[in-house]
Number of protein chains: 2
Amino acid sequence: MDAKSAEQSVHRNASERGLPPRERILLAARALFARHGVHGIGVDAIAEAAGTNKMTLYRHFESKDLLVAEYLRGLTVETSAIWCELETAHPDDPLAQINAWLCRIAHHAEHGNESGCALASASMQITDPAHPGRKVIEAHTRQHRDKLIQLCRASGLAEPEQLADQLFLLVEGSRATWQTVGDDHPGAALATLAAGIIASHRR
Amino acid sequence: MDAKSAEQSVHRNASERGLPPRERILLAARALFARHGVHGIGVDAIAEAAGTNKMTLYRHFESKDLLVAEYLRGLTVETSAIWCELETAHPDDPLAQINAWLCRIAHHAEHGNESGCALASASMQITDPAHPGRKVIEAHTRQHRDKLIQLCRASGLAEPEQLADQLFLLVEGSRATWQTVGDDHPGAALATLAAGIIASHRR
DNA sequence: ATTAAATGTTACTACTGGGTAACATCGAGT
DNA sequence: ACTCGATGTTACCCAGTAGTAACATTTAAT
């Protein structure tokens, strides 16, 4: 009980009290889904962490599955925003965008919070093919791979499609193994490993 | 009901009736955990699929969590057996072992059944750090990576540790994205992608 | 045949979790 | 002041699930 109430107050701080309940619920869901998994937390705990109750939650979201889908959608738009940010930071330099993206993933992974990791995690937790979150994940995954292919093509490196898939799987693999192994996990050197692959595609 | 009884009979066929109940339960658990996820199926359904009941299940396994751990342990010994098999098939040829392993993964992934995939999947479904299956997964993951590093070192390729981690993440990534994308998933070309990386490590 | 161990059967407890109904309360706008 | 919409509160229902108790049944060993 002590731990629960403490965590609750933490999340209540995190969900700035000025926000409307829907946003607070999404913030709480984001934190709790990421920490405990999509199946590891109940709507009651989410509502409580958001400083509200189950009824208002169900007035804003038809079901828990749709709340999960909305949570996943939020993660996808966040990663899309990161790509846009990288594009403006390194205009007309696709290789720099890729490198910055890799560094960002490695850095964020060190701190444990990485939206792509949460997406990959949820993707393997949702076993039901009819879950509304599945199409969100699938669409994002496809779009993400296409983005990588496009950047690799524009970078002028050799065999861009193959390079894109290699980087894609490398990153997904690091996300998957992130929580299984400890500090010496292979994902820590993600940037180095990716750099090696990229270098091998230099003409 | 029809679907359920049909599935039940299928699994009852799969669990050869001559086997002792413990083995039948493990077989059923293997099938159902892989299909529905560790949290997506109950002990009752497993016992029924094994042609027995919940009581005998609990006479052989202390709890569901320990049954899950035993299921995971079975997956790990299976993958270890595969490595042994590859070693005898290609003695004193570590590179051939690695290649055969990659082909095997790609081939098994086509048919949907791959023990490593089930391990990776379960790893992301078990969010509780105290779950008895966690240490099984962690031990296996470490051992698996060590095996890869050892083989890469023995293969005489350049930067063997880096190559091992690249291949490791590549495979884990393909396992993670296996169920998210369809037929044109990047994991289908896993062997090709890995071959490219291996080639880039040729001296 | 008898015994003992393993297994089957039924029924039950306790708990969790998704989802809803009814009513109370508050807050802003008229 | 009044109203109406959004929110809070409480109390439920229902289904599923982990786990157990008690007793019946089979099976094999002696």
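Numbers restart at 1 for each chain; the letters A, B, ... are given by sequence-line order, proteins then strands.
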Integer-rounded Å distance: [N] [atom2] and [X] [atom1]:
X	N	atom1	atom2	result
A:Leu32	C:dG17	CG	C1'	15 Å
B:Asp44	C:dA11	CG	C1'	12 Å
B:Ile25	C:dA6	CD1	P	14 Å
B:His39	C:dG17	NE2	P	12 Å
A:Arg24	D:dA6	CZ	P	16 Å

DNA chain C contacts made by residues 53-68 of chain B, counting heavy atoms under 4.0 Å: B:Asn53, B:Met55, B:Thr56, B:Arg59, B:His60
N or O in side chain of A:Thr52 less than 4.0 angstrom from D:dG8 OP1/OP2: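 Checking D:dG8 against A:Thr52, a side-chain N or O does come within under 4.0 Å of OP1 or OP2.
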side-chain hydrogen bond (donor to acceptor under 3.5 Å, both in side chains) with [X]: which residues, sequence neighbours excluded?
X	answer
A:Asp44	none
A:Arg59	none
B:Asn53	B:Thr56
B:Ser121	B:Gln125

B:His107: ring-ring contact (aromatic ring centres under 6.0 Å, His included) partners, not counting sequence neighbours: B:His111
Pairs involving residues 95-108 of chain A, ordered by first then second residue, that meet salt bridge (charged side-chain N to carboxylate O under 4.0 Å, His left out) (sequence neighbours left out):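 For residues 95-108 of chain A: A:Glu85-A:Arg104.
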Candidate pair B:Tyr58 and B:Val43, rule side chain to side chain contact (heavy atoms under 4.5 Å, CB included), full reasoning: CA-CA 9 Å; B:Tyr58 275 103; B:Val43 287; 3.8 Å; yes
Bending between helix ends of the helix from C:dA1-D:dT30 to C:dT30-D:dA1 [5 pairs per end, 10° resolution]: 0°
Pairs under 3.5 angstrom only: tabulate donor-acceptor contacts from the side chains of residues 67-76 of chain A to other protein residues two or more places apart or in another chain.
from: A:Glu70; atom 1: OE2; to: A:Arg73; atom 2: NE; distance (Å): 3.3
from: A:Glu70; atom 1: OE2; to: A:Arg73; atom 2: NH2; distance (Å): 3.0
from: A:Thr76; atom 1: OG1; to: A:Arg73; atom 2: O; distance (Å): 2.6

